[in-house]
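One structure below.
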2 protein chains.
Amino acid sequence: MGVQFECELTEGGALLTSDERFKKARADNAAEAAADYVELIQDLIDEFGEARATDLATHMGVSHVTVSKGLQRLVKNGLVTYRPYRSIFLTEKGRDLARDARERHVVVLQFLLALGVPNLVAEQDAEGMEHHLSPETMAAFSKYLESARAASDVPKN
Amino acid sequence: MGVQFECELTEGGALLTSDERFKKARADNAAEAAADYVELIQDLIDEFGEARATDLATHMGVSHVTVSKGLQRLVKNGLVTYRPYRSIFLTEKGRDLARDARERHVVVLQFLLALGVPNLVAEQDAEGMEHHLSPETMAAFSKYLESARAASDVPKN
DNA sequence: TTAAACATGTAGCCTAAGCTAAATATTGAG
DNA sequence: CTCAATATTTAGCTTAGGCTACATGTTTAA
């Protein structure tokens, strides 16, 4: 453990100060909830043509009150617009974030499935992981997926 | 998105209710901080023979006050014992958790490195991911690691 | 041995994410 | 058109994790 610049991290390099990992992990946490919201909102819109607060609460398994406060925060952060008792809309920024989240989700999920992780577990883990992956790791996952597809040689064509 | 039991999740299955993923992700968050603490405490003990609150603060990049409160919670949860102004010790339970966290960390890190993710990024992402992986996914990572090692044919013996 | 430096702790504040209970607004059936 | 069902918001509480400022305990060096 202990990030420190160039050492062999896996064999107990000296612990240095203020590891960036920790800060990163913390900062991510804030963005995570927002990403979950916009992703689900977009999904609901795609599926049913609109997203309502109650639907969000149901799907996320939290109370409608929690959603109400969450939405207020999304509005404050410019990800969402809505009028009381009306449908929820994503802003440009919100749609971008949703698209991003979605793409990551798909890549991570496919990757786990390709590795042989069972469907349900893969879904859960993808949800847990997808907010914590750097572009580099996402790229590595994609690359693996491609080579795995190539290896199994045009599965169905 | 949308977990729902057996469907093809990757091609927009109908969104069902109260996806378990969300609940899981939330519950994980609480345990995550604790795991980070005990892992770092164990590392400091291994490295320097003891762990002090200030060291934790420095390494985690938070204030000593935050650590103070964090430690109080760890004590409350039976992971740690310490006397004011003295070294911090892990309980049996704390050591178990630390060992677990450590093993997971190593596997995830090795896995990412094997996939070609650069060292520093792999460290960061491992930190982000390691608390969110099911036993099944951990097993899949291990399996991949083994076959990767086998493939590169006894790299150095 | 005592004052400075260092380590810890406490008070009090913030945000986020959760909750229940209660108020209010909208919709839809009679 | 009105009343019940449904949807949303507000108030107020909890826990967790941050913070600064300040208080207090411990070490150490002159």
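Residue numbers begin at 1 in each chain, while the letters A, B, ... track the order of the sequences.
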Problem set entry | Student check: side-chain heavy atoms of A:Glu123 and A:Glu127 closer than 4.5 Å |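 A:Glu123 vs A:Glu127: side chains apart.
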Problem set entry | Residue mapping more 5' on DNA chain C - nearest nucleotide basis, B:Asp55 or A:Ala33 |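 With A:Ala33 and B:Asp55 compared, the 5'-side residue is B:Asp55.
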Problem set entry | Donor-acceptor pair, side chain of A:Arg83 and main chain of A:Ile88, under 3.5 angstrom |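 Not a single qualifying donor-acceptor pair exists.
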Problem set entry | Main-chain N/O of A:Ser134 paired to B:Asp125 side chain as donor or acceptor, under 3.5 Å |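 Such a contact is found between B:Asp125 side chain and A:Ser134 backbone.
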Nearest-Å distance, [atom1] ([X]) to [atom2] ([N])?
X	N	atom1	atom2	answer
A:Glu32	D:dA16	CD	C1'	15 Å
A:Leu56	D:dT6	CG	P	19 Å
B:Leu74	D:dA16	CG	C1'	12 Å
B:Leu44	C:dA7	CG	P	14 Å
B:Met60	D:dG18	CE	C1'	11 Å
B:Arg86	C:dC6	CZ	P	18 Å
B:Asp36	D:dA16	CG	C1'	14 Å

For this session: Measure the acute angle between the ring planes of B:Tyr144 and A:Tyr144, then classify it against the limits of 30° and 60° as parallel, tilted or perpendicular.
Result: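 Plane angle over 60°, so perpendicular.
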Exercise. Are A:Asp96 and A:Lys93 close enough for a salt bridge, meaning some N to O gap below 4.0 Å?
Worked result: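 Salt bridge absent between A:Asp96 and A:Lys93.
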Problem set entry | N-O pairing of B:Arg95 and B:Glu92 below 4.0 Å |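 Answer for the salt bridge query: yes.
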Exercise. Among the nucleotides C:dG18, D:dC19, C:dA7, which one has an atom lying closest to any side-chain atom of B:Thr54?
Worked result: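 Nearest nucleotide to the side chain: C:dA7.
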Exercise. Could you state the interatomic distance from CZ (A:Phe89) to CG (A:Leu79), rounded to the nearest 0.5 Å?
Worked result: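 The distance works out to 16.0 Å.
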Problem set entry | N or O in side chain of A:Arg52 less than 4.0 angstrom from D:dA7 OP1/OP2 |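 Answer no for this pair, as no side-chain N or O of A:Arg52 is under 4.0 Å from OP1 or OP2.
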Exercise. How is A:Ser63 classified with respect to the nucleic acid when contacts are heavy atoms under 4.0 Å: base, sugar-phosphate, or nothing?
Worked result: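 Counting heavy atoms under 4.0 Å across all strands, the contact made by A:Ser63 includes a base.
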So which protein nitrogen or oxygen atoms get under 3.5 Å of nucleotides 9-11 of chain C's nitrogens or oxygens?
from  : atom 1 : to      : atom 2 : distance (Å)
C:dG9 : OP2    : B:Ser68 : OG     : 3.4
C:dG9 : O6     : B:His64 : NE2    : 2.8

